[in-house]
Amino acid sequence: MTSKPRWFQTTAIDYPNSRPHIGTAFEKLGADVQARYRRMEGFDVFFLMGNDENTVKVSQRAAALGLDTQAYCDDMARQFRAVWDALDISYDCFIQTSSQRHKHCCRKFIQKVYDNGYIYKGSYEGWFCAGCEEFKTEKQYQDNNGLCPNHRTALVRRSEPCYFFALSKFQDRLLAHYQANPDFIQPESRRNEIVSLIENEGLRDINISRYGEEWGIPIPFDPQFTIYVWFDALLTYITGIGYGDDEATFRHYWPCDMHFIGKDITRFHCALWPAMLWAAGEEAPKKVYAHGFVYLKNEEAGTVEKISKSLGNVIEPMEVISKFSADAFRYYFLRECPFPSDGEFSWSRFTDVYNAELANNLGNLLSRCLTLITKNYGGILPQTANVQPQVAVPGLDLALFVGELREHIEACRYHLALQKIVLDFLTPTNQYLEEHAPWKLVKTDKAAAQRVLFHAVQSLRIASILLKPFIPRSAEKIYTSFNFAIPWNAVRWADAVVLQPQPEDLRITAELIDGKIPPLFPRIG
RNA sequence: CGCGGCGUGGAGCAGCCCGGCUAGCUCGCCAGGCUCAUAACCUGGAGGUCGUAGGUUCAAAUCCUACCGCCGCAACCA
């Protein structure tokens, strides 16, 4: 293992009932920015993702399609990964809960919790539908006047044996943990929610078994039962890094630095999960980050809708990626939808943000710099070797600026980080060009115009570094358009602050067509 | 009284916690400028009862009270 500080992060694992939509992607994007940023900061990053397959609904869905459940899961996992790959999500491992490795390690874990005395046998009573072969919640019972929402047949009161996890025993310890670790649940609003929930309602022991299911992980100490999907799903976070079969790797990365989850499953991660770990003698994760949701803005109706299959308003990421680009997709959601709270998607908003900030501001800045240097200097700015560069933004304290961005990124306020880059850095650089007008200056004082361009290009270098976690491909294109000394792969976040002379004259290395670079972000018409 | 969030010029937001310069920003709109650039860029302008009604204060978008409206969560919806 390396001596670098390590950074282990996960995203929630997804049900492969259907393909991922833009909301699912939102979470992965937020996590990906963090992972990329941490790598630039020199961390030994491990980024875990996966699919949650041991649920009855998955086997039902497979059966409906006439497929073997495992084959169905494998195919869905392939499709999920195809989307994540297309979005440049830089995960290190993708785990399927139907994998033998996960099942094996999962059984080891639950056995340990059982041995430690936190699992006991009891019976679960509730409203059961014979058609669905599952219990319905009290709310479902009431909403449907005692009938099954699917079968319209009467629900029957039924009790069956089951195993309980003694969650209630951890209530005080959890509250103490929240108190001692104020950052454990982020953002703060979610933390308040959980704390008040536990203080007001308390925690009950939960049923962690299902009886008579074929699909799922059998409980080692009573194989007639399978493990409740949540108990099993959460365990990916440790089986994915070797719990139970690769002790060294597990010890290296655990406890997790950040679990990225949706705000709807906060309680599982903030209450159940730490309790499970403690019950097995392991440490709780360091931080759980519950991000907001993406809703759809219905432009005709002027309303905001939840994304759902039943409403038929699902937008698949691939639709946006193939129409525009992965970076356009990334930029929109990271810039326009606050990660800590909710955001909205609409095609017209997408067009606005893309045109205004990516095409007109960033892309155009690159174009004008490249063209000016090519036309007037043949692509090389003479006598710029060993010249001290300056920031082309008057009054900007670069170190302070980059430091503020760092704080935003570490708190997952990506929208504010991007806003700052555009407003406080890119726009002023465009203004700088306007003010010094090198296209005019070059006619009277070629050396002065050359200095203006030299400094303006520094902005592009800095911006590309700062944007690397957000829009990696475009950032690379910008950076590699010039002969900057440090290779792209070796660029650190801190390099954004460093203004250093280069041994060579600044020159354009981008591939030009008729002396011009094709627009980085062609405007959407 | 289940919990939580929101309501600021046409649209989207910031400001509110720790009241105080002419309520700030982006998009859109209008008028100029520039012409290096992706009809892009730059400058200026119009447009606001800061949800409603009270209260506290020399002073409230900002604090207090009530009400109205919208939304999310409510233990297998990312």
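Residue numbers start from 1 in every chain, and the chains themselves are labelled A, B, ... in the order their sequence lines are given, proteins ahead of strands. Just so it is clear, the model here is predicted, and its values are computed rather than measured.
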ask   = Between B:U57 and B:G19, how far is it from one C1' atom to the other, in whole Å?
value = 9 Å

inquiry  = Base, sugar-phosphate or nothing for A:E336? Non-hydrogen atoms, less than 4.0 Å.
reply    = sugar-phosphate

message = Give me the distance, rounded to whole Å, that separates B:G4 from B:G9 when you measure between the C1' atoms they each carry.
response = 29 Å

inquiry  = For the P atoms, the ones on B:A60 and on B:C21, what distance do you get once it is rounded to whole angstrom?
reply    = 11 Å

ask   = Are the side chains of A:F170 and A:P274 in touch, meaning some heavy atoms are under 4.5 Å apart?
value = no

Integer angstrom distance from the P of B:C34 to that of B:U26 = 23 Å

request  = Give a yes/no answer on whether the side chain of A:Y295 brings an N or O atom under 4.0 Å of OP1 or OP2 in B:C71.
outcome  = no

request  = Round to the nearest Å and state the distance from A:L416 atom CG to B:C13 atom P.
outcome  = 13 Å

For B:A75, the Watson-Crick or wobble counterpart (both distances under 3.5 Å) = none

message = In this structure, how many angstroms lie between the C1' atom of B:G12 and the NE2 atom of A:H415, rounded?
response = 13 Å

query = What nucleotide among B:C76, B:A75, B:A78 has an atom nearest to a side-chain atom of A:L203?
reply = B:A75

task = Find the partner of B:C6: check Watson-Crick (N1-N3 plus N6-O4 or O6-N4) and G-U wobble (N1-O2, O6-N3) distances, both under 3.5 Å, and reply none if neither fits.
result = B:G69

inquiry  = What is the separation between atom CZ on A:F165 and atom C1' on B:C76, rounded to the nearest whole Å?
reply    = 18 Å

task = Calculate the interatomic distance between A:L362 atom CG and B:A37 atom P; express it in whole Å.
result = 18 Å

query = Between atom CG in A:N192 and atom P in B:C3, what is the gap in whole Å?
reply = 14 Å

note = By nearest-nucleotide position on RNA chain B, the 5'-leaning member of A:T55 and A:L433 is A:L433

ask   = Among B:U38, B:C36, B:C3, which is the nearest nucleotide to the side chain of A:L520?
value = B:U38

ask   = The side chain of A:K440 lies closest to which of these nucleotides: B:C36, B:A40, B:U35?
value = B:U35

inquiry  = Can you identify which nucleotide, out of B:A78, B:U38, B:C73, has its nearest atom closest to the A:K306 side chain?
reply    = B:C73

ask   = Do the rings of A:F47 and A:Y91 sit parallel, tilted or perpendicular, given the 30° and 60° boundaries?
value = perpendicular

request  = Among B:U43, B:C76, B:A78, find the nucleotide with the atom closest to the side chain of A:Q431.
outcome  = B:U43

key: Rounded P spacing from B:G5 to B:C17 in Å   = 16 Å

No-H, no-angle donor-acceptor pair, A:Y15 side chain to B:C77 base, under 3.5 Å = no

message = Against the six-membered ring of A:Y377, is A:K446 placed for a cation-pi contact (under 6.0 Å from the centre, within 45° of the normal)?
response = yes

query = With a 4.0 Å cut-off, would you call A:R335 and A:E357 a salt bridge?
reply = yes

ask   = Would you call the rings of A:F184 and A:Y178 parallel, tilted or perpendicular, where under 30° means parallel and over 60° means perpendicular?
value = parallel

request  = Decide, yes or no, whether a salt bridge links A:E193 with A:R190 under the criterion of side-chain N to carboxylate O below 4.0 Å.
outcome  = yes

inquiry  = Over all strands shown, is A:R210 touching base, sugar-phosphate only, or nothing at heavy-atom distances under 4.0 angstrom?
reply    = base

Carboxylate-amine/guanidinium proximity below 4.0 Å for A:D14 and A:K28 = yes

task = Have a look at A:A12 and say if it touches a base, only the backbone sugar-phosphate, or nothing, with a 4.0 Å heavy-atom cut-off.
result = nothing

message = Rounded to whole Å, how long is the line connecting atom CG of A:D352 with atom P of B:U26?
response = 14 Å

query = Given B:C25, B:C76, B:C3, which nucleotide is nearest the side-chain atoms of A:L423?
reply = B:C25

key: Considering all heavy atoms, the nearest A:L370-A:T374 contact   = O-OG1, 2.6 Å

ask   = Base, sugar-phosphate, or nothing: which does A:F26 touch, judged by heavy atoms less than 4.0 Å apart?
value = nothing

query = Does a nitrogen or oxygen in the side chain of A:K263 sit under 4.0 Å from OP1 or OP2 of B:G5?
reply = no

query = For A:Q419 and B:C13, is the shortest distance between a side-chain N/O and OP1 or OP2 below 4.0 Å?
reply = no

query = Partner of B:C29 by Watson-Crick or G-U wobble geometry, both contacts under 3.5 Å, or none?
reply = B:G45

query = Are A:R349 and B:C27 close enough that a side-chain N or O sits under 4.0 Å from OP1 or OP2?
reply = no

remark   = Between CD of A:E193 and C1' of B:G72 the distance, given in whole Å, is 9 Å

key: Which nucleotide in B:A78, B:U38, B:C76 has an atom nearest any side-chain atom of A:F521   = B:U38

Identity of whatever pairs with B:G54 - Watson-Crick or G-U, under 3.5 angstrom = B:C64

query = How far does the C1' atom of B:U65 sit from the matching atom of B:G28, given to the nearest Å?
reply = 39 Å

query = So what does A:N364 touch, heavy atoms closer than 4.0 Å: a base, only the sugar-phosphate, or nothing?
reply = base

ask   = Taking the six-membered ring of A:F401, is the NZ or CZ of A:K420 close enough (under 6.0 Å from the centre) and on axis enough (within 45°)?
value = no

request  = State which of B:C41, B:A78, B:U38 makes the closest approach to the side chain of A:N360.
outcome  = B:C41

query = B:G24 pairs with which nucleotide, Watson-Crick or G-U wobble, both distances below 3.5 Å?
reply = B:C13

message = Angle between ring planes, A:F324 versus A:W347, binned at 30° and 60°: parallel, tilted or perpendicular?
response = tilted

task = Using a 4.0 Å heavy-atom cut-off across all strands, classify A:V294 as base, sugar-phosphate, or nothing.
result = base

task = Report which part of the nucleic acid A:T351 touches: base, sugar-phosphate, or nothing (heavy-atom distance under 4.0 Å, all strands).
result = nothing

message = Within the 4.0 Å heavy-atom criterion, would you say A:L372 contacts the bases, only the backbone, or no part of the nucleic acid?
response = base

query = Touch check for A:G216, heavy atoms < 4.0 angstrom, all strands: base, sugar-phosphate only, or nothing?
reply = nothing

message = Looking at B:C36, which nucleotide sits across from it as a Watson-Crick or G-U wobble partner, both distances under 3.5 angstrom, or is there none?
response = none

ask   = When the P atoms of B:G48 and B:U8 are considered, how many whole Å apart are they?
value = 15 Å

task = Return no unless some side-chain N or O of A:K297 is found under 4.0 Å from OP1 or OP2 of B:G12.
result = yes

inquiry  = If I take atom CG in residue A:D264 and atom P in nucleotide B:G5, what distance separates them, rounded to the nearest angstrom?
reply    = 18 Å

request  = For the side chain of A:W439, starting at C-beta, report the closest nucleotide among B:C27, B:U35, B:C41.
outcome  = B:U35

message = Would you measure the distance from the P atom in B:U22 across to the matching atom in B:A61 and give it in whole Å?
response = 12 Å

